[in-house]
Novice: 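Can you read through this structure? Questions will come right after.
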There are 2 protein chains.
Amino acid sequence: MTTRTASTRSRLSPEERRSQLLDLGVRLLSSRSLDELSIDLLAEEAGISRGLLYHYFGSKQAFHEAVVRRAADDLIAQTAPPVEGEPLHRLLVSMTAYLDYVDTNHAGYLSLVKAAQGGNDTLREIYDEARAALTDRVFGEDAQGQIVRETPQTRLLVKAWAAFAEEVVLGWKADPAGVTREEVLDVLVMSLPALVGVLPPQE
Amino acid sequence: MTTRTASTRSRLSPEERRSQLLDLGVRLLSSRSLDELSIDLLAEEAGISRGLLYHYFGSKQAFHEAVVRRAADDLIAQTAPPVEGEPLHRLLVSMTAYLDYVDTNHAGYLSLVKAAQGGNDTLREIYDEARAALTDRVFGEDAQGQIVRETPQTRLLVKAWAAFAEEVVLGWKADPAGVTREEVLDVLVMSLPALVGVLPPQE
DNA sequence: GGCGTTATTGAAAAAGTGTCAATAGACTGC
DNA sequence: GCAGTCTATTGACACTTTTTCAATAACGCC
């Protein structure tokens, strides 16, 4: 006797099925790497045949990319809405949205982050795109509202700050003991100007 | 006709063979991910049979872990020697050693970093251990020579600072345009006190 | 130069990925 | 209700890669 109660096959609309498989993929890939996840297991969890996964995604690799893209799109959608106001306030709003996202979509965020490193260029690209949604706004288009002026030095620094922010949030989620949410937000926001401050002033 | 010139099998001591395979693994895994590296290729490059790899490491996964552990040990050995002097000077020496290491062992460092994220808990653990070798020294044992007093907040912050430092170095190696080595070192060293400064003073 | 130890091999089993013609839900018009 | 059509879904099969293990052959020792 298997886990499935329904002995009959279920026929969903392509959109529903695709969505179901992506959701499942996000969940499963947050705790395993791709090669630790067999199509067999995935198919069984979804209650479908192996063949159907290939019908929808073509290959295991392509499935992975679709899963990561789904996670990235979620992140971008929930953190990207433009914000008015002072630079530091905008940064606070942005970081709050980011923290909220990771709070409610921990699995999705993990599968995104994990995919980015071990993976190929396509995966890395998707990840960079998502990261840009968080960091782009610190480089203002005009000279007025920007937090950081764009130079080779600051570009490197801001990219590294994003890695810092990611580690703060994931580290806190993994072990929140002794640190409040407000302290985390404070560090996320104030760290950027503090880091920019270590660069020699550029004119 | 294969690549091998010697038609006869060569018999090495277990230590030599193991070491040879690990070195080769570090090199090959710096440009591919684990599932892009077949045992076939590895065995051919090493001039051995597939079976021998299993004799030494048991499984592909275990081989990967051994490779990552080797890379981590290298990093620890070359950056860990304790240093005398002022806290900030010790930090400078430490960061210089780190930068030097990544400079001369770029491939090995990449395979370490890439493995840690994409992978399972064991891999992550090995990586954390290596990172600790770089960051532990910022927490002094006595109240005198320390840079940072250890609290839940600073522990989280220093861990994230390590991620920041890693991204700075790897980002710079990937695209050094417009940024000097001295600027990188300066950022690596000064960023830590700058970040600690954003925390409210604890008494 | 024979002998024992054990590093090493190669063939065959197991596991996993990808393919495709055949099957069967669900809707449509009658 | 019922037959017919469309297409989502399956399952068996081909292929690739990993893993196992009994047999083989280097090397050191006497």
Side-chain angles (χ1 to χ4, degrees), chain A residues 1-25 28-29 32-68 115 118-120 122-123, chain B residues 1-25 28-29 32-68 115 118-120 122-123:
Chain A
M1 188 164 107
T2 67
T3 311
R4 285 180 72 187
T5 355
S7 56
T8 156
R9 64 168 78 171
S10 67
R11 183 187 173 119
L12 273 59
S13 77
E15 295 73 33
E16 275 181 305
R17 182 63 82 192
R18 204 184 146 81
S19 193
Q20 173 212 353
L21 293 176
L22 287 179
D23 283 346
L24 181 62
L28 293 179
L29 284 171
R32 309 159 182 40
S33 66
L34 187 66
D35 59 334
E36 286 167 342
L37 174 63
S38 70
I39 304 288
D40 271 334
L41 174 64
L42 183 67
E44 189 179 347
E45 287 276 320
I48 60 165
S49 68
R50 271 207 312 286
L52 194 58
L53 196 93
Y54 286 93
H55 174 68
Y56 277 103
F57 298 100
S59 75
K60 196 185 181 187
Q61 189 62 43
F63 173 68
H64 193 200
E65 287 174 17
V67 166
V68 172
N120 59 46
T122 307
L123 291 177
Chain B
M1 189 164 113
T2 69
T3 310
R4 284 181 74 186
T5 357
S7 54
T8 156
R9 65 167 76 168
S10 67
R11 183 188 173 119
L12 273 59
S13 76
E15 295 73 34
E16 276 181 304
R17 182 64 81 193
R18 204 184 147 81
S19 192
Q20 174 212 353
L21 294 176
L22 287 179
D23 283 346
L24 182 63
L28 293 179
L29 283 170
R32 309 159 179 57
S33 66
L34 187 66
D35 59 334
E36 286 166 341
L37 173 64
S38 70
I39 305 286
D40 270 334
L41 174 63
L42 183 66
E44 188 179 348
E45 287 275 320
I48 61 165
S49 68
R50 274 205 310 285
L52 193 58
L53 196 93
Y54 285 92
H55 174 68
Y56 276 103
F57 299 100
S59 76
K60 197 184 180 186
Q61 188 62 43
F63 173 68
H64 192 201
E65 287 174 17
V67 165
V68 171
N120 58 44
T122 308
L123 291 176

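Protein chains get the first letters and strands the later ones, always in sequence-line order, with residue 1 at the start of each.
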Novice: Using side-chain heavy atoms (C-beta onward) and a distance below 4.5 Å, is B:Arg32 in contact with B:Ser38?
Specialist: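 They are not in side-chain contact.
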Novice: Does the side chain of A:His64 reach to within under 4.5 Å of the side chain of A:Ser33, using non-hydrogen atoms?
Specialist: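 Contact flag for A:His64/A:Ser33 side chains = no.
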Novice: So B:Arg18 and B:Phe57, do their side chains get closer than 4.5 Å, heavy atoms only?
Specialist: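 Side-chain contact under 4.5 Å: yes.
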Novice: Measure CZ/B:Arg18 against C1'/C:dT6 and give the value in whole Å, please.
Specialist: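 Atom-to-atom, B:Arg18 to C:dT6, this comes out as 17 Å.
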Novice: For nucleotides 11-15 of chain C, list the nitrogen or oxygen atoms of the protein found under 3.5 Å from its nitrogen or oxygen atoms, one pair per line.
Specialist:
unit_1 : atom_1 : unit_2  : atom_2 : d
C:dA12 : N6     : B:Arg50 : NH2    : 3.4

Novice: Quick check for you: to the nearest 0.5 Å, what is the distance between B:Glu36 atom CD and A:Asp35 atom CG?
Specialist: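 Here the interatomic distance stands at 10.5 Å.
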Novice: Categorize B:Tyr56 for me: base, sugar-phosphate, or nothing, with a 4.0 angstrom heavy-atom threshold over every strand shown.
Specialist: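 Result for B:Tyr56 = sugar-phosphate.
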Novice: Please state how far atom CD in A:Glu15 lies from atom C1' in D:dA8, giving the value in whole angstrom units.
Specialist: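 One finds 12 Å between C1' of D:dA8 and CD of A:Glu15, rounded.
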Novice: Name the residue closer to the 5' end of DNA chain D, choosing between A:Pro14 and B:Gln61 according to the nucleotide with the nearest heavy atom.
Specialist: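 Nearest nucleotide further toward 5': that of A:Pro14.
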Novice: Ignoring backbone atoms, test whether A:Tyr54 places a side-chain nitrogen or oxygen under 4.0 Å from the OP1 or OP2 oxygen of C:dG18.
Specialist: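 A:Tyr54 to C:dG18 OP1/OP2: side-chain N or O found under 4.0 Å.
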Novice: Quickly work out the B:Leu41 CG to D:dT16 C1' distance and round it to whole Å.
Specialist: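 Value for this atom pair: 15 Å.
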Novice: May I ask you to say what A:Ser49 touches in the nucleic acid, namely base, sugar-phosphate or nothing, with a heavy-atom cut-off under 4.0 Å?
Specialist: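 Base, at least one base atom sits under 4.0 Å.
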Novice: In whole angstrom, give the distance that lies between atom CG of B:Leu12 and atom C1' of C:dT9.
Specialist: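 Going from CG in B:Leu12 over to C1' in C:dT9 covers 15 Å.
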Novice: Find the distance A:Ile48:CD1 to C:dT23:P and express it as a whole number of Å.
Specialist: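 Rounded to whole Å, this separation is 21 Å.
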Novice: For A:Arg17 and B:Ser59, find the nucleotide of DNA chain D closest to each by heavy atoms; which residue's nucleotide sits nearer the 5' end?
Specialist: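 Counting from the 5' end, the first nearest nucleotide belongs to A:Arg17.
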Novice: What is the distance from atom OG of A:Ser49 to atom CD1 of A:Ile39, rounded to the nearest 0.5 Å?
Specialist: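 Rounded to the nearest 0.5 Å, the OG-CD1 separation comes to 11.5 Å.
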Novice: Could you check how far CZ of B:Phe57 sits from P of D:dT19, rounded to whole Å?
Specialist: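 Nearest whole value for this atom pair: 14 Å.
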Novice: So how far is it from B:Leu28 CG to B:Leu41 CG, rounded to the nearest 0.5 Å?
Specialist: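 Separation between the atoms: 6.0 Å.
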Novice: Might you list the N or O atoms of the protein lying below 3.5 Å from N or O atoms in nucleotides 25-30 of chain D, with each pair's distance?
Specialist:
unit_1 : atom_1 : unit_2  : atom_2 : d
D:dA26 : N3     : B:Arg11 : NH1    : 2.6

Novice: Can you tell if the side chain of B:Asn120 reaches within under 4.5 Å of the side chain of B:Gln61, non-hydrogen atoms only?
Specialist: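 Touching, per the 4.5 Å side-chain cut-off.
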Novice: Using whole Å, what does the distance between atom P of nucleotide C:dG10 and atom CD1 of B:Ile39 come to?
Specialist: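 Taking atom P of C:dG10 as the reference, CD1 of B:Ile39 is at 17 Å.
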Novice: Mind checking whether A:Leu42 and A:Lys60 have side chains closer than 4.5 Å, heavy atoms only?
Specialist: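 With C-beta onward as the side chain, the pair stays apart.
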Novice: Check the distance between C:dA26's P and A:Glu16's CD and give it to me in whole angstrom.
Specialist: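 So the CD-P distance, A:Glu16 to C:dA26, works out to 11 Å.
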Novice: Counting any heavy atom closer than 4.0 Å, what does A:Leu52 reach on the DNA or RNA strands: base, sugar-phosphate only, or nothing?
Specialist: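 Answer is base: heavy atoms of A:Leu52 come under 4.0 Å of a base.
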Novice: What's the shortest heavy-atom distance between A:Val68 and A:Ala115, and which atoms?
Specialist: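 Taking every non-hydrogen atom into account, CG2-CB, 3.3 Å.
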